[in-house]
Amino acid sequence: MIRNTVRALIIQNDNLLLIKKRRANIGIYYVLPGGAQEENETLEQALSRECMEELGIEISSSGLVCVREYISPFTG
């Protein structure tokens with residue numbers, strides 16, 4: 001199954017917002033806010049929902065910046 005994900009580029013005062021995460025097997029790493037698109041949801045709706053869930057903020061989208069196709073060996 002292919003599942004789309006969305007990521008937000010949130011820039012303020014020349015600073016890019018990243019989320020710090022940690023996994024036991026790889027340590028600390030940083031990601032852009034976002035997550036998986038749900039069924040019957042547009043990419044813009046998914047990004048809006050994910051930013052509300054992760055950051056507690058409402059966003060206004062200024063458009064699509066990049067599309068990347070990638071099959072990850074990581075499953076969870």
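Under a hydrophobic clustering in which Ile, Leu, Val, Met, Phe, Trp and Tyr are joined whenever their side-chain heavy atoms come within less than 4.5 Å, directly or via other members, Ile11 and Leu32 fall into the same cluster. Hydrophobic clustering of Ile, Leu, Val, Met, Phe, Trp and Tyr side chains at less than 4.5 Å, counting indirect connections, unites Val31 with Ile59. A continuous path of ILVMFWY side-chain contacts below 4.5 Å connects Leu18 to Leu9, so both sit in one hydrophobic cluster.
Residue Ala36 comes nearest to Glu41 through the heavy atom pair O-OE1, 4.4 Å, listed as atom of the first residue, atom of the second, then distance.
In this structure, the side chain to side chain donor-acceptor pair (under 3.5 Å) partners of Gln37, at least two apart in sequence or on a different chain, are Asn4. By the side-chain contact (heavy atoms from CB on, under 4.5 Å) test, Ile10 pairs with Ala8, Leu17, Pro33, Cys51, Leu55, Ile57, sequence neighbours left out. Taking Ile28 as the reference, Lys20, Arg22, Tyr30 meet the side-chain contact (heavy atoms from CB on, under 4.5 Å) condition, with sequence neighbours excluded. Applying the salt bridge (charged side-chain N to carboxylate O under 4.0 Å, His left out) rule to Glu44 yields no partners; only residues at least two apart in sequence or on another chain are considered. In this structure Glu53 satisfies the salt bridge (charged side-chain N to carboxylate O under 4.0 Å, His left out) test together with Arg49, sequence neighbours excluded. For Arg7, there are no salt bridge (charged side-chain N to carboxylate O under 4.0 Å, His left out) partners at least two apart in sequence or on another chain. Glu54 pairs by the side chain to side chain donor-acceptor pair (under 3.5 Å) definition with nothing, not counting sequence neighbours. A search for side chain to side chain donor-acceptor pair (under 3.5 Å) contacts involving Thr42 returns Gln45, not counting sequence neighbours.
Other cluster members for Leu64: Val67, joined by side-chain heavy-atom distances under 4.5 Å among Ile, Leu, Val, Met, Phe, Trp and Tyr.
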